[in-house]
Novice: 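Dropping the structure in here first, questions after.
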Amino acid sequence: MDADEAFYSAIELLKQMISIPSFSRNEGDVATEIERYVQDVLGLFPRRQGNNLFIQTPYSNKKPTILLNSHIDTVKPVSGWQHDPFSPSLEENRLFGLGSNDAGASVVALLHSFVLLTQREQPYNLIFAASAEEEVSGKNGIESLLSNLPPVDFALVGEPTGMQPAIAEKGLLVIDGTVRGKAGHAARNEGENAIYKALTVIEKLKEFHFSRISEFLGAVKISITQIQAGTQHNVIPDRCDFVMDVRTNDLYSNPEAFDLLQQSVPECELKARSFRLNSSHIDVNHPFVQRCILTGMQPFGSPTLSDQALMPFPSVKIGPGDSARSHTADEFILLDEVREAITLYTKLLDGLSLV
């Protein structure tokens with residue numbers, strides 16, 4: 001297979017993926033179609049775990065291992081689509097369809113780069129993995145798959161970045177806060193209004209600043225996104241609950257950030273839903289990052305979350321498309337972006353030495 005054949009094959013597979021609904025936790029049909037395509041068209045033999053697929057070269061413990069990964073699940077279509085989200089529609093250079101940009105284009109470009117790269121011996125073991133449940137950070141996606149793979153030394157995570165390398169990514173903490181008061185009748189001067197107490201807590205959190213500022217990710221970002229209190233109009237509420245979205249940078253672990261927030265509002269009960277989704281960062285001197293820089297690419301820090309958060313090894317997020325198109329009506333990918341991605345992936349990885 002040459003580069004042109006890889007491109008046309010990638011577009012055909014992408015069209016098939018768009019035509020099959022693949023919402024998070026319901027990716028079985030699209031996984032089956034990719035599995036069939038890899039076997040019948042590419043002549044490769046993928047292994048499957050749940051709704052995850054992977055292919056690997058013969059393993060050698062004398063070589064480092066590189067993982068190429070992107071996700072096959074999508075969000076549900078928002079309102080406002082003018083095209084059928086499940087019918088691939090090609091208009092000039094634009095291929096419309098749900099998941100075309102996020103992240104079907106990355107899936108097919110990485111898969112066909114795997115094919116091109118493995119046509120000759122490389123100084124590393126190579127694994128391609130198409131994983132599930134990325135959009136919901138589910139436990140049956142890449143996190144479960146990693147336990148069945150050989151130790152990974154470095155990963156490329158395919159997400160729409162305009163083929164620029166994200167060498168850092170913010171983590172995520174979702175925290176539930178509870179402020180307690182004392183119930184009373186609203187007509188009398190009694191009780192202790194939990195809403196008023198919560199306003200003070202929320203103001204403290206709004207003004208709280210983490211001192212460590214990341215070179216690529218900036219400051220930790222805190223947002224109060226939901227609030228709930230009260231049972232009826234004439235009862236002073238004895239409890240006020242709120243939700244906090246915290247985007248951590250690479251200078252704080254999630255547990256450390258949580259502890260600092262709890263210390264800042266001791267009058268409030270905080271509970272983290274999970275500490276799994278940590279920030280990531282790779283050294284700018286890593287051989288892959290250096291190749292990117294020499295090619296004229298610009299490393300940056302990404303504010304959006306991906307499966308990088310679940311990878312306990314160095315990784316770079318890089319893929320075709322534009323993050324601004326993700327989760328929008330009439331999502332599309334440019335055909336030229338897929339071609340460019342295959343070209344750049346193979347150029348950056350061909351002969352790459354990690355030692």
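From a predicted model like this one, the values you see are computed outputs, not experimental measurements.
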Novice: Run the numbers on D238 and R180 for salt bridge (Lys or Arg N to Asp or Glu O under 4.0 Å), then give the verdict.
Specialist: CA-CA 6 Å; D238 62 355; R180 300 188 185 276; over 6 Å; no
Novice: Just wondering, more than 12 heavy atoms not from Y196 lying within 6.0 Å of its OH?
Specialist: no
Novice: Side chains of L42 and V115, heavy atoms from C-beta outward: is any pair under 4.5 Å?
Specialist: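 Result yes, sub-4.5 Å side-chain heavy-atom pair found.
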Novice: Under 30°, 30 to 60°, or over 60°: which ring-plane class applies to H83 and F96, parallel, tilted or perpendicular?
Specialist: parallel
Novice: On a heavy-atom basis, which atom in L117 and which in T346 lie closest, and how many Å separate them?
Specialist: CD2-O, 3.8 Å
Novice: Regarding D4 and R339, does a basic nitrogen lie under 4.0 Å from an acidic carboxylate oxygen?
Specialist: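 Judged by the 4.0 Å cut-off on N to carboxylate O distance, D4 and R339 do form a salt bridge.
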Novice: For K221 and S223, test the side chains for any donor-to-acceptor distance below 3.5 angstrom and give the result as yes or no.
Specialist: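 The criterion, which ignores hydrogens and geometry beyond distance, is satisfied for S223 and K221.
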Novice: State whether the number of non-hydrogen atoms from other residues, nucleotides or ligands found under 6.0 Å of E121 atom CD is greater than 12.
Specialist: no
Novice: For N234 and Q232, which I'm curious about, is there any donor-acceptor pair between the side chains at under 3.5 Å?
Specialist: yes
Novice: Treat each ILVMFWY residue as a node, draw an edge where side-chain heavy atoms are under 4.5 Å apart, and state whether V41 and I18 are in one component.
Specialist: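 As far as the 4.5 Å side-chain criterion goes, I18 and V41 are connected within one cluster.
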Novice: Please determine if R94 and E331 form a salt bridge, counting it only when a charged side-chain N lies under 4.0 Å from a carboxylate O.
Specialist: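 The answer is no: the pair does not qualify as a salt bridge.
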Novice: When you look at CD of Q228, are more than 12 heavy atoms from neighbouring residues, nucleotides or ligands closer to it than 6.0 Å?
Specialist: no
Novice: Could R47 and F54 be counted as a cation-pi pair, given that NZ or CZ must be under 6.0 Å from the ring centre and within 45° of the axis?
Specialist: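 No cation-pi geometry.
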Novice: For side chain to side chain contact (heavy atoms under 4.5 Å, CB included), just list the numbers for C240 and I227, CA-CA rounded to whole Å, side-chain angles, deciding distance to a tenth of an Å, and then say yes or no.
Specialist: CA-CA 7 Å; C240 183; I227 189 166; 3.8 Å; yes
Novice: Can you list the steps and then say if D73 with R25 is a salt bridge (Lys or Arg N to Asp or Glu O under 4.0 Å)?
Specialist: CA-CA 8 Å; D73 62 316; R25 299 193 175 97; over 6 Å; no
Novice: Who pairs with S70 by side chain to side chain donor-acceptor pair (under 3.5 Å), at least two apart in sequence or on another chain?
Specialist: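 For S70 there are no side chain to side chain donor-acceptor pair (under 3.5 Å) partners, ignoring immediate neighbours.
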Novice: Is it the case that over 12 heavy atoms from other parts of the model lie below 6.0 angstrom from the CG atom of D29?
Specialist: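 For D29, atom CG is not crowded (no more than 12 foreign heavy atoms under 6.0 Å).
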Novice: Does the distance from a Lys or Arg side-chain N to an Asp or Glu carboxylate O, for R325 and D330, drop under 4.0 Å?
Specialist: no
Novice: When you check the side-chain N and O atoms of T178 and D241, is any donor under 3.5 Å from an acceptor?
Specialist: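 Side chains of T178 and D241: pair found under 3.5 Å.
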Novice: Can you sort out the partners of D153 under side-chain contact (heavy atoms from CB on, under 4.5 Å), two or more places apart, ordered by chain and number?
Specialist: P64, T65, L354
Novice: Between K197 and E267, does any side-chain N to carboxylate O distance fall below 4.0 Å?
Specialist: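 Not counted as a salt bridge, because no side-chain N and carboxylate O are separated by less than 4.0 Å.
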Novice: Taking the side chain as everything from C-beta on, heavy atoms only, tell me whether Y59 gets closer than 4.5 Å to N61.
Specialist: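 Yes, close enough: below the 4.5 Å cut-off.
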Novice: Relative to the ring of Y37, is the ring of H112 parallel (under 30°), tilted (30 to 60°) or perpendicular (over 60°)?
Specialist: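 Judged by the thresholds at 30° and 60°, the geometry between H112 and Y37 is perpendicular.
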Novice: Ring-plane angle category for F114 and F128, please: parallel below 30°, perpendicular beyond 60°, tilted otherwise.
Specialist: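 Plane angle between 30° and 60°, so tilted.
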Novice: Please determine whether a side-chain nitrogen of the Lys or Arg among E33 and R36 lies less than 4.0 Å from a carboxylate oxygen of the Asp or Glu.
Specialist: yes
Novice: Is atom CD of Q119 surrounded by more than 12 heavy atoms (other residues, nucleotides or ligands) closer than 6.0 Å?
Specialist: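 For Q119, atom CD is crowded (more than 12 foreign heavy atoms under 6.0 Å).
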Novice: Which pairs with one or both residues in residues 297-318 pass ring pair (Phe, Tyr, Trp, His ring centres under 6.0 Å), sequence neighbours excluded?
Specialist: none
Novice: Okay, side chain of N249, backbone of S279: is any donor-acceptor separation there less than 3.5 Å?
Specialist: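 It does not hold such a pair.
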Novice: Hey, are T57 and N125 close enough side-chain-wise for a donor-acceptor pair under 3.5 Å?
Specialist: no
Novice: Under 4.0 Å between a Lys/Arg side-chain N and an Asp/Glu carboxylate O for K182 and E190?
Specialist: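 Looking at E190 together with K182, the answer is no, because their closest N to O distance does not fall below 4.0 Å.
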Novice: Between E169 and R247, is a salt bridge (Lys or Arg N to Asp or Glu O under 4.0 Å) present by the stated rule, with each step listed?
Specialist: CA-CA 10 Å; E169 178 185 86; R247 304 289 169 150; over 6 Å; no
